[in-house]
Amino acid sequence: MIMDTLADGSSGTDVCPITDGEMRALVQRIGEFIHRECAEQRAAMVRQWTRPVQERIRSGRCIEGLQLEKVFNDGRVRFRVAENPSEFREGDRVRLSLGDPAEPVLEGDFFREDLDFVEILVRKPAEAKALATGPFTLDPSFVDLESFYQRALAEVQASQRGRERILPLLSGVREPSIDVNEAERVYEQSLAAGMEDAQAEAIAAASCTDLCQLTQGPPGTGKTRVLAEVVRNRVARGERVLVTSFTHRAIHNALAAVARACPETPDLCKIGPRVNDPQLVCDSFERFSESPLAESGRGYIVGATPFTAFSQRMGGAEFDAVVFDEAGQITLPLALLAMLRGEVYIFMGDHRQLPPVLLSVDPGEAADQSIFGHLRGRGFDHRLTTTFRMNAEITAWPSQEFYFGELQPHPSVAARRAAYPGGDGAPAWAGVLDASAPVVFVRRESDGAWKESRAEAALIADLVEDLVHRRGVRPEEIGVVVPYRRQARFIRRRLRARTTLRAAGGEPVVDTVERMQGQEREVIIVGLTADDPEFLGWQIPFILQPNRINVCFTRARSKLIVIGSSNLFPPDGASDDRLRTDEARECLERLRSFAQTAQVIDLAGTTSPGSDG
């Protein structure tokens with residue numbers, strides 16, 4: 001029988017309606033948050049633009065020396081670069097200048113990069129054709145969205161949907177109800193399809209709620225599969241479903257899962273500006289009116305960011321349900337943009353993974369500012385507790401640290417070990433790559449690194465080469481996770497220079513924590529990169545932020561290797577200026593507790609971090 005967590009079928013409308021005073025107070029609090037955050041963003045961008053170019057480069061927010069290479073007819077402009085030390089990601093708004101970002105010559109979106117070039121997708125292609133050859137500098141641009149958010153908030157307050165559904169839900173005076181008979185049917189159907197019990201409950205609740213449902217999906221628990229089944233069930237009833245998230249990549253991943261779950265459903269598309277992602281499985285249109293779904297009279301699925309959902313691109317299209325993936329990264333104001341376009345709200349996420357990126361809120365409190373953090377714990381949420389990804393040893397520490405010990409590996413993966421079809425490899429790495437030790441902490445020598453560690457990159461390249469060339473692991477089954485895009489680029493360059501790896505075909509994925517959420521590999525190597533004591537002093541709360549560490553350490557299926565500098569662990573009794581804040585102290589203690597659960601390999605020639613007690 002379906003669990004009691006699916007409620008008793010009582011109507012969610014049998015509650016006191018939100019009063020005008022309560023509504024105004026809630027809207028005012030949201031409006032004040034929007035103003036504070038946008039003001040901080042404006043001030044931060046002005047500070048960034050006025051810094052000397054070398055400071056901007058060192059911060060990871062600038063590239064200099066761009067030489068124009070080619071202007072494409074589709075709006076892309078390619079620039080040759082000798083070095084790209086930036087943290088720019090695809091989709092970032094950027095501006096090109098002759099050195100002063102306050103006087104840009106061109107604006108656009110960071111579209112694509114490789115080791116020696118970058119491409120910008122410009123808004124006005126005609127301007128690109130008039131560019132000189134350079135050299136140029138590239139800096140972040142800024143679109144002030146305060147009026148956009150405030151307009152959406154005004155619509156929430158004025159519209160029937162906002163007053164009767166959204167605001168009562170957010171304020172806690174209206175709760176969802178569930179058609180229990182239909183939920184029972186969906187639950188049994190999900191079990192018969194091979195779903196685990198908690199997954200089947202979450203699918204049934206989210207498929208049959210009349211207002212809202214949350215599903216917390218810790219790493220590897222099948223959250224995306226649950227999302228796809230919910231969408232499939234709702235579309236089968238003829239509903240129009242909007243799938244949205246914080247990033248284009250997350251939307252594309254969700255749409256790929258939906259396409260696998262609904263192979264018979266051709267009514268699937270993405271709406272929004274063009275982005276570079278070969279993983280997108282469906283047609284993409286700039287505007288909803290250009291898509292064939294605009295004339296459809298049956299259920300369909302649309303992927304779009306919350307910004308697109310509220311913009312003119314969507315052309316006022318309405319949806320029966322809005323499904324949010326990675327809802328732990330979506331702020332309440334951002335969620336409102338998409339909620340205004342639908343009647344039912346399904347949130348899939350995990351507040352213990354990456355939080356929203358905010359400037360006006362302490363990083364330790366950012367998770368609570370997400371829509372997921374705002375709504376969780378009200379009785380209409382489910383938590384998935386079985387991971388189908390990580391073996392028992394990799395699961396143990398994050399389960400205790402972040403999930404109250406409730407996250408457990410499925411029996412089919414609990415005893416899994418890394419398979420090395422090519423043999424034992426080089427003796428030098430026997431301890432690090434030992435398949436019988438699923439979790440390893442490698443303490444490396446100090447090299448004074450900031451955002452790029454050549455010593456750590458060389459070590460990672462050696463390990464990857466041994467895994468691929470000597471132990472027979474396919475490159476695609478290896479992932480490298482680092483805090484900074486500059487380090488990721490440097491590692492990719494080192495790997496491509498290895499002839500033995502080029503001969504193997506394929507490449508390991510090497511990327512930052514933000515880009516690795518939702519991904520998994522058989523073997524994961526986490527490089528913490530930073531080493532310089534002064535730099536660590538203000539970067540520890542970023543590198544070792546709990547939610548980031550949780551994501552880093554939960555990507556591996558059978559082998560997790562974490563590499564950290566000896567400077568992360570001062571000798572017993574030594575003073576450490578980095579511990580001047582409680583946050584830094586807690587971060588280092590958390591890393592120490594992880595090291596104590598791992599097989600420690602000390603390449604620094606000093607006391608291992610796992611033995612400090």
Using only heavy-atom distances, determine whether the side chains of N84 and E113 contain a donor-acceptor pair under 3.5 Å.
yes

Relative to the ring of F372, is the ring of H351 parallel (under 30°), tilted (30 to 60°) or perpendicular (over 60°)?
parallel

request  = Mark yes when over 12 heavy atoms from residues, nucleotides or ligands other than E32 sit less than 6.0 Å from its CD; otherwise mark no.
outcome  = yes

Hits for salt bridge (Lys or Arg N to Asp or Glu O under 4.0 Å) against E55, two or more places apart or cross-chain, chain-then-number order -> R51

When Q48, R56, R95 are each screened for side-chain hydrogen bond (donor to acceptor under 3.5 Å, both in side chains) with D139, the one that passes is R56

Checklist entry - With a 4.5 Å heavy-atom cut-off, do Q312 and S289 have their side chains touching? => result no

Distance col, row N547:CG vs Q517:CD, nearest 0.5 angstrom, shows 9.0 Å

The side-chain hydrogen bond (donor to acceptor under 3.5 Å, both in side chains) partner of T529 among K451, E456, R486 is E456

*So W538 and W450, would you call those rings parallel, tilted or perpendicular, with 30° and 60° as cut-offs?*
perpendicular

Below 6.0 angstrom between ring centroids: does that apply to F594 and F553?
yes

Notebook entry, point to check: Any idea how H252 and H248 line up, ring-wise: parallel (<30°), tilted (30 to 60°), or perpendicular (>60°)?
Noted result: tilted

* Asked: Where does the angle between the aromatic ring planes of F310 and F148 fall among parallel (under 30°), tilted (30 to 60°) and perpendicular (over 60°)?
  -> perpendicular

Exactly one candidate in R274, K70, R76 meets salt bridge (Lys or Arg N to Asp or Glu O under 4.0 Å) with E119; the answer is R76

Q. With side chains defined as the heavy atoms from C-beta onward, is the minimum distance between I57 and Q54 less than 4.5 Å?
A. yes

Taking the basic N atoms (NZ, or NE/NH1/NH2) and the acidic carboxylate oxygens, is any pair closer than 4.0 Å for E514 and R548? yes

What one should report as the nearest heavy-atom pair of F33 and V361 is CE1-CG2, 4.0 Å

Sorted by chain and residue number, the salt bridge (Lys or Arg N to Asp or Glu O under 4.0 Å) partners of D362 (sequence neighbours excluded) come out as none

Worksheet item: Charged N to carboxylate O under 4.0 angstrom, D116 versus R80?
Response: yes

Point to revise | Any side-chain heavy-atom pair of F542 and Y484 under 4.5 Å | key: yes

